[in-house]
Amino acid sequence: MLYLTDKLTKESDNLLMNRSDLDRNAYMLRGPLKKRGYMRWWHSFTGVSKDSGEARTFFIEYFIINPALGGDQPILGQHPYYKKRGMKPSYVMVKAGVYPKAIGTNTSPAETFDISHEGRQLHAFYPISSLKVALNPLYMQIEDCLFSENKISGSIEVTREEAVHRFFMTDAGSMEWNLEVHKSIACHTGFFAGPFFSAINALDTFWHGEGIRTAYSGTVTLDDEVYEVSPDTCFGYADKHWGRKFNQPWLQLASCRLTSKRTGKPLKYSALAVDGCCPRILCFPLKPRLSLQLTYTGEDFTFLLAKPGRFSRSRWSVKESEKRFIWHIKAQNKRAFVKISMACKKVDMLPLLYESPDGTLSKAPLYSGGNGIGTIELYRIVSEGRQWIDTLTIENAFCEYQSKL
């Protein structure tokens, strides 16, 4: 059991959270992060097969690492040639894939990530010189892969012969996507991800949720099977991380498929996003903390990192069993209290593979899934105590977790 306490901000930060910031979502590795840093733009969503009607949850990510160390060839940190010479990784990686199919609970641990369940991650590596970037609004072109604020497209094909090489950290298969993107709810983390704190590397990893509720439309083709992605059923999510190394523990929870128990109806302009971070003072790490935003029918309830003199409280725990992860979160400020319980089966998750800017691989897997479920209890703080607003059910939640070894 991991139990951590957290100090968070007051209601005045609510005005900051649900605010688009295209500057913060742009390409921005500065200073020492050019030689020891990374950026990752993440997209996840649900598509429906045109042939079978089966729904699958996909993810697409654009990842850049140590750009100042690169050139005309991708430098793979796990490749024996570069590893022997002590060279740090430097490349653009496009990651695309699909989470495992939801299957029965009688599956043994050895079968959890079997290819027959069709969960996979596909990697394509490109040299830094292949990257073409325009700033605000962000536009990136990496050969045939395009990424912008309102459109993503591209393709990856990995052969079985390529996939057997461990330094590629990839499965075999092919995926092609062409999607329009509309981000309707943002999570802005205020001055903690601003230029000053970024310049002094106050956090191991910084986060900006430009699209914690995102509508995607278009198609995805996975191994010749076409999936249609529509705004009403995609339950999409998009964000960005950047920094000097990955958080450990790593914690992310998000969902825009929320249903009110008060009315029994799905909530449209609503979303939940939770992100952990590892703050530090100079070189000294502090306890991991959380940023949390719940947008409920257009009203934002937000809990950020500590702001001097304006504290509220939060605590969270995670329980890992043989079959699942279970997260419990409580957070309170002067105007609201939330209690979140969420779970995701390991059989529905995929261990994502990355190398850090210093060229190492974590021994703890980064479990990622798109089929989390749970509940949110929301209360308003009034003079008499807590006044119940609603209890929400959570479905199709994006869940990522990596323990600290």
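Below, all heavy atoms of this structure are taken into account, side chains as well, without hydrogens, waters or symmetry copies.
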Peer 1: Measuring from C399:SG to M349:CE, what's the distance to the nearest 0.5 Å?
Peer 2: 5.5 Å
Peer 1: For F325, what residues pass the ring pair (Phe, Tyr, Trp, His ring centres under 6.0 Å) criterion, not counting sequence neighbours?
Peer 2: W327, Y367, Y401
Peer 1: Taking only residues two or more places apart in sequence or in another chain, which ones pass ring pair (Phe, Tyr, Trp, His ring centres under 6.0 Å) with Y126?
Peer 2: none
Peer 1: If I compare all heavy atoms of P365 with all of Q402, which pair ends up nearest, and what's the gap?
Peer 2: O-CG, 3.5 Å
Peer 1: With the threshold set at 4.0 Å, does a side-chain nitrogen-carboxylate oxygen contact exist between E355 and K88?
Peer 2: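 No, E355 and K88 are not salt-bridged.
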Peer 1: Would a distance-only check, ignoring hydrogens and angles, find a side-chain to backbone donor-acceptor pair under 3.5 Å from S255 to E395?
Peer 2: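 Present.
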Peer 1: Got a second to check how far I152's CD1 is from M140's CE, nearest 0.5 Å?
Peer 2: 11.0 Å
Peer 1: Tell me the closest heavy-atom pair linking I156 and L122, and the distance in Å.
Peer 2: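 Nearest pair, atom of I156 first, then L122: CD1-O, 3.6 Å.
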Peer 1: Only one of V229, N371, N396 forms a side chain to side chain contact (heavy atoms under 4.5 Å, CB included) with T46, so which one is it?
Peer 2: N396
Peer 1: Give me the atom names and distance for the closest heavy-atom approach of K35 to L69.
Peer 2: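 Between these two residues, the closest heavy atoms are O-CD1, 3.5 Å.
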Peer 1: Which value, rounded to the nearest 0.5 Å, describes the distance between E162 atom CD and D171 atom CG?
Peer 2: 12.5 Å
Peer 1: Would you say T221's side chain and E225's backbone share a donor-acceptor pair under 3.5 angstrom?
Peer 2: no
Peer 1: Are any side-chain N or O atoms of T295 and backbone N or O atoms of G298, one a donor and one an acceptor, separated by less than 3.5 Å?
Peer 2: no
Peer 1: Please tell me if the side chains of I340 and L292 come closer than 4.5 Å, counting only heavy atoms from C-beta onward.
Peer 2: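 Side-chain contact under 4.5 Å: yes.
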Peer 1: Once side chain to side chain contact (heavy atoms under 4.5 Å, CB included) is applied, do any residues pair with P80, and if so which ones, sequence neighbours excluded?
Peer 2: F167
Peer 1: Which residues satisfy the ring pair (Phe, Tyr, Trp, His ring centres under 6.0 Å) test with W177, sequence neighbours excluded?
Peer 2: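 Once residues adjacent in sequence are excluded, W177 has no partner under the ring pair (Phe, Tyr, Trp, His ring centres under 6.0 Å) criterion.
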Peer 1: Going by atom types alone, do D232 and S230 pair a side-chain donor with an acceptor below 3.5 Å?
Peer 2: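 No, no side-chain donor-acceptor contact under 3.5 Å.
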Peer 1: Would you say D239 and Q252 are linked by a side-chain donor-acceptor pair, where the criterion is simply a distance under 3.5 Å?
Peer 2: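 The criterion, which ignores hydrogens and geometry beyond distance, is satisfied for D239 and Q252.
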Peer 1: Under 3.5 Å, is there a donor-acceptor pair linking the side chains of E61 and W41?
Peer 2: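 Side-chain D/A pair, E61 to W41: absent.
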Peer 1: Does any part of the side chain of L33, heavy atoms only, come nearer than 4.5 Å to the side chain of M39, both counted from C-beta?
Peer 2: no
Peer 1: Can you sort out the partners of Y354 under ring pair (Phe, Tyr, Trp, His ring centres under 6.0 Å), two or more places apart, ordered by chain and number?
Peer 2: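 Y354 satisfies ring pair (Phe, Tyr, Trp, His ring centres under 6.0 Å) with F63, F246 once adjacent residues are dropped.
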Peer 1: Could you report the tightest heavy-atom contact between L146 and K151, atom names first, then the distance?
Peer 2: CD2-O, 3.5 Å
Peer 1: Determine whether T391 and L378 make a side-chain contact, defined as any pair of heavy atoms from C-beta on separated by less than 4.5 Å.
Peer 2: no
Peer 1: Quick one: side-chain hydrogen bond (donor to acceptor under 3.5 Å, both in side chains) partners of E320, sequence neighbours excluded?
Peer 2: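 Counting only residues at least two positions away or on another chain, E320 forms a side-chain hydrogen bond (donor to acceptor under 3.5 Å, both in side chains) with K346.
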Peer 1: Looking only at side-chain N and O atoms, does D51 offer a donor or acceptor that is under 3.5 Å from a partner on S49?
Peer 2: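 Distance-only check fails for S49 and D51.
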Peer 1: Taking only residues two or more places apart in sequence, or in another chain, which ones meet S44 in a side-chain hydrogen bond (donor to acceptor under 3.5 Å, both in side chains)?
Peer 2: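 Counting only residues at least two positions away or on another chain, S44 forms a side-chain hydrogen bond (donor to acceptor under 3.5 Å, both in side chains) with W42.
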Peer 1: Can any side-chain N or O of N247 pair as donor or acceptor with the backbone N or O of G276 at less than 3.5 Å?
Peer 2: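 Yes, the answer is positive, given that a donor and an acceptor are paired below the 3.5 Å cut-off.
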Peer 1: Any heavy-atom pair between the side chains of F303 and S291 that's under 4.5 Å?
Peer 2: no
Peer 1: How about L131 and V92: do any of their side-chain heavy atoms sit closer than 4.5 Å?
Peer 2: yes
Peer 1: Parallel, tilted or perpendicular for Y91 and F125, by the 30°/60° rule?
Peer 2: perpendicular
Peer 1: Please list all pairs meeting salt bridge (charged side-chain N to carboxylate O under 4.0 Å, His left out) that have one or both residues in residues 123-144, counting only residues at least two apart or in different chains.
Peer 2: none
Peer 1: Is the backbone of L353 close enough, under 3.5 Å, to the side chain of Q121 for a donor and an acceptor to pair up by distance?
Peer 2: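 Checked: pair present.
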Peer 1: Let me see the working for F235 and F45 under ring-ring contact (aromatic ring centres under 6.0 Å, His included), right down to the final yes or no.
Peer 2: CA-CA 6 Å; F235 314 116; F45 51 87; over 10 Å; no
Peer 1: About how many Å separate CD of E384 and CD of Q387, when rounded to the nearest 0.5 Å?
Peer 2: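 Here the interatomic distance stands at 8.0 Å.
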Peer 1: Evaluate the criterion ring-ring contact (aromatic ring centres under 6.0 Å, His included) for residue pair F206 and W242; output intermediate values, then yes/no.
Peer 2: CA-CA 5 Å; F206 297 89; W242 71 99; 5.7 Å; yes
Peer 1: Could you tell me whether the side chain of S148 and the main chain of Y139 form a donor-acceptor pair under 3.5 Å?
Peer 2: no
Peer 1: Are more than 12 heavy atoms from other residues, nucleotides or ligands located less than 6.0 Å from atom CZ of R262?
Peer 2: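 Above 12, so yes.
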Peer 1: Find out whether Y227 and V48 are in side-chain contact, i.e. whether some heavy atom of one side chain is under 4.5 Å from a heavy atom of the other.
Peer 2: no
Peer 1: Is there side-chain contact between R244 and D204, with at least one heavy-atom pair below 4.5 Å?
Peer 2: yes
Peer 1: Below 4.0 angstrom, N of the basic side chain to O of the carboxylate: do E299 and R335 qualify?
Peer 2: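 The answer is yes: the pair qualifies as a salt bridge.
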Peer 1: Would you say the side-chain atoms of S368 and Y99 include a donor-acceptor pair closer than 3.5 Å?
Peer 2: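 Short answer, yes.
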Peer 1: Using residues 209-217 as the side-chain source, report each donor-acceptor pair under 3.5 Å to any protein atom, sequence neighbours left out, with the distance given to one decimal.
Peer 2:
unit_1	atom_1	unit_2	atom_2	d
E210	OE1	D21	N	3.0
E210	OE1	H208	NE2	2.6
E210	OE2	S20	OG	2.5
R213	NE	K268	O	2.9
R213	NH1	C256	O	3.1
R213	NH1	K268	O	2.5
R213	NH1	S270	O	2.9
R213	NH2	K268	O	2.9
T214	OG1	G211	O	2.7
Y216	OH	H43	ND1	2.7
Y216	OH	Y237	O	3.1

Peer 1: Grab the two heavy atoms, one from D390 and one from K261, that are nearest each other, plus how far apart they are.
Peer 2: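 Minimum heavy-atom separation between D390 and K261: OD1-N, 3.5 Å.
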Peer 1: side-chain hydrogen bond (donor to acceptor under 3.5 Å, both in side chains) between E149 and N25: does it pass, once the steps are laid out?
Peer 2: CA-CA 9 Å; E149 292 292 350; N25 208 47; 2.9 Å; yes
Peer 1: Closest heavy-atom contact between Q248 and S403?
Peer 2: NE2-O, 3.7 Å
Peer 1: Is a side-chain donor or acceptor of N66 paired with a backbone partner of P357 at a separation under 3.5 angstrom?
Peer 2: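 Checking the backbone N and O of P357 against the side chain of N66, a donor-acceptor pair under 3.5 Å is found.
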Peer 1: Among residues at least two apart in sequence or on other chains, which ones pass side chain to side chain contact (heavy atoms under 4.5 Å, CB included) with K83?
Peer 2: Q78
Peer 1: Name all residues meeting the side-chain hydrogen bond (donor to acceptor under 3.5 Å, both in side chains) criterion together with R386; count only those two or more places apart in sequence or in a different chain, and write none if there are none.
Peer 2: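 side-chain hydrogen bond (donor to acceptor under 3.5 Å, both in side chains) list for R386, sorted by chain: Q332.
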Peer 1: Do D275 and H241 meet the criterion of a side-chain donor-acceptor pair at a distance under 3.5 Å?
Peer 2: yes
Peer 1: Looking at R120 and D223, is any side-chain nitrogen of the basic one under 4.0 Å from a carboxylate oxygen of the acidic one?
Peer 2: yes
Peer 1: Report the residues that fulfil side-chain hydrogen bond (donor to acceptor under 3.5 Å, both in side chains) with S153, sequence neighbours left out, ordered by chain and then residue number.
Peer 2: none
Peer 1: Do NZ/NE/NH1/NH2 and the carboxylate oxygens of K101 and E54 come within less than 4.0 Å?
Peer 2: yes
